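Worksheet: one structure, shown below.
Values reported hereafter were calculated over all heavy atoms of this structure, with side chains retained and with hydrogens, waters and symmetry mates removed. Every chain is numbered from 1, with letters handed out A, B, ... down the list of sequences. Treat the numbers as computed from the prediction; the structure is a model and nothing was measured.
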Number of protein chains: 2
Amino acid sequence: MNPLMSKEEINRDDDRLLEEAVAMLKKSGHRVTQPRIAILKALISEKGPIKIEDIHRRVSDRNCDLATVYRCIGAFEKIGIVRRCFFPDGSSLFEFIVGGDHHHHIICTSCRKVETIDVCVVDGLERLVHNRGYRNVSHMLEFFGVCENCAQSEDGKTD
Amino acid sequence: MNPLMSKEEINRDDDRLLEEAVAMLKKSGHRVTQPRIAILKALISEKGPIKIEDIHRRVSDRNCDLATVYRCIGAFEKIGIVRRCFFPDGSSLFEFIVGGDHHHHIICTSCRKVETIDVCVVDGLERLVHNRGYRNVSHMLEFFGVCENCAQSEDGKTD
DNA sequence: CTTGAGATTGCAAACCAATTGTAGTAACCG
DNA sequence: CGGTTACTACAATTGGTTTGCAATCTCAAG
Ligand SMILES: [Mn+2]
Ligand SMILES: [Mn+2]
Ligand SMILES: [Zn+2]
Ligand SMILES: [Zn+2]
């Protein structure tokens, strides 16, 4: 995200992303419903991986059921609107990926803060996998570690 | 795994790995119990990621409870005897990593077959993450795709 | 070898994220 | 506008994982 953008420009950008996602919904034969719009907005404004439960909390004032969030995210994943990420403990997060560049994350195992890594050296390897006969190749890469803040507060703990 | 090794040599190698894992157990202050030995043997003979339930199935004749498998694997993970891998659907597998080189996998999203990739281009990036102030840095990388067999049988399906 | 402290296990119950069934609602096509 | 039917809310259910606890096993000290 460009740090030079004003808030209006950011919101305009968010609107564009929403429109793009809505277009993908329609194109894949899905209906554009109020819960789906609300969930998409939550995903877009988060600008990073987010838990299903947190999505639900954000849209709950509009009374969108948790089961609906699960079903929508499932649909979004199939369509390619969101992508699944993992915590080292195995729990899943979902990230809005429409109109964004391929990237990966550093997740602090202590405070769960998420940082972005814009480099991806894995694309070359995907070709290698393709050459082994695999089709529909994708990959997932996450880095884990203890961030500077947490390392300081933890002092001499090995953890 | 060296394909030139005889079965006896492979078994000897498995025994060596078991001893090494047992040593790690002792060193970390854990007791060497019969269920733990059985689970370690199952992990070693599998030579790849395996589901908790499958581990339990393999050792069930010795009457090791499923809860015990969960607890042991949890301990093994902390000690560094096993490492967690992921299926694209979010389910977890565990792999014996003692005495083995760092590597990654290609998982067929159709038949769930697991292949090994011995190359890891990510090690360099870990240093980069470390330079960002992170400590205790690790990473996880998985490739997903449809293997040659499955692609053939699926014919023209887009999946 | 024997013994005791306490780590570990088996078993059953609890837990909780995720899924499912269904009747009602809302999207959207003509 | 209606009519079709995809979608949603709600509640019940599932299935993988965790937990509490009494019985058991490990292992080090004697
Ligand atoms: Mn991201
Ligand atoms: Mn492996
Ligand atoms: Zn942190
Ligand atoms: Zn396959």
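For A/Glu20, the salt bridge (charged side-chain N to carboxylate O under 4.0 Å, His left out) test picks out A/Arg16, with sequence neighbours left out. Evaluation of the ring-ring contact (aromatic ring centres under 6.0 Å, His included) rule for B/Phe144 yields no partner, not counting sequence neighbours. Listed by chain and number, the residues in a side chain to side chain contact (heavy atoms under 4.5 Å, CB included) with B/Asp65 are B/Ala67, B/Thr68 (sequence neighbours excluded).
A/Tyr70 has its OH atom 18 Å from the P atom of D/dA11, to the nearest Å. In this structure, CG of A/Leu66 is placed 12 Å from P of D/dC10, rounded to the nearest angstrom. Atom-to-atom, CG of A/Asn63 to C1' of D/dA9 comes out at 9 Å; the value is rounded to the nearest Å. As a whole-Å value, the separation of B/Ile79 CD1 from C/dA7 C1' is 13 Å. Rounded to an integer number of Å, the gap from B/Arg57 CZ to D/dG16 P is 10 Å. One can place CG of A/Asp65 at 12 Å from C1' of C/dT20, the figure rounded to the nearest angstrom. At whole-Å resolution of the value, CG in B/Asp89 and C1' in D/dG16 are 12 Å apart. Between the P atom of C/dT19 and the CD atom of A/Glu77 lies a distance of 10 Å, rounded to the nearest Å.
A salt bridge does not link A/Asp15 with A/Arg12: every distance from a Lys NZ or Arg NE/NH1/NH2 to an Asp or Glu carboxylate oxygen is 4.0 Å or more. Of the charged side-chain nitrogens involved, at least one lies within less than 4.0 Å of a carboxylate oxygen, so that B/Asp14 and B/Lys47 count as a salt-bridged pair.
Between B/Phe143 and A/His139, the ring planes lie tilted relative to each other; the angle falls in the 30° to 60° range.
Near-neighbour residues of DNA chain D inside residues 15-43 of chain A, defined by a heavy atom below 4.0 Å, number-ordered: A/His30, A/Arg31, A/Thr33, A/Pro35, A/Arg36.
For the residue pair B/Ser138 / B/Arg83, no side-chain donor-acceptor distance below 3.5 Å is found, with atom types taken as modelled.
Heavy-atom neighbours of A/Lys113 NZ from other residues, nucleotides or ligands within 6.0 Å: above the threshold of 12.
Applying the ring-ring contact (aromatic ring centres under 6.0 Å, His included) test to pairs two or more places apart or on separate chains, those with a residue in residues 65-86 of chain B are A/Phe86-B/Phe86.
For B/Ala67, counting side-chain heavy atoms from C-beta on, the closest listed nucleotide (C/dA12, D/dA9, C/dT9) is C/dA12. Residue A/Thr68 places its side chain closer to D/dT8 than to any other of D/dT8, C/dT9, C/dT19.
The bend of the helix from C/dC1-D/dG30 to C/dG30-D/dC1, defined by the angle between the axes of its first five and last five pairs, stands at 40° to the nearest 10°.
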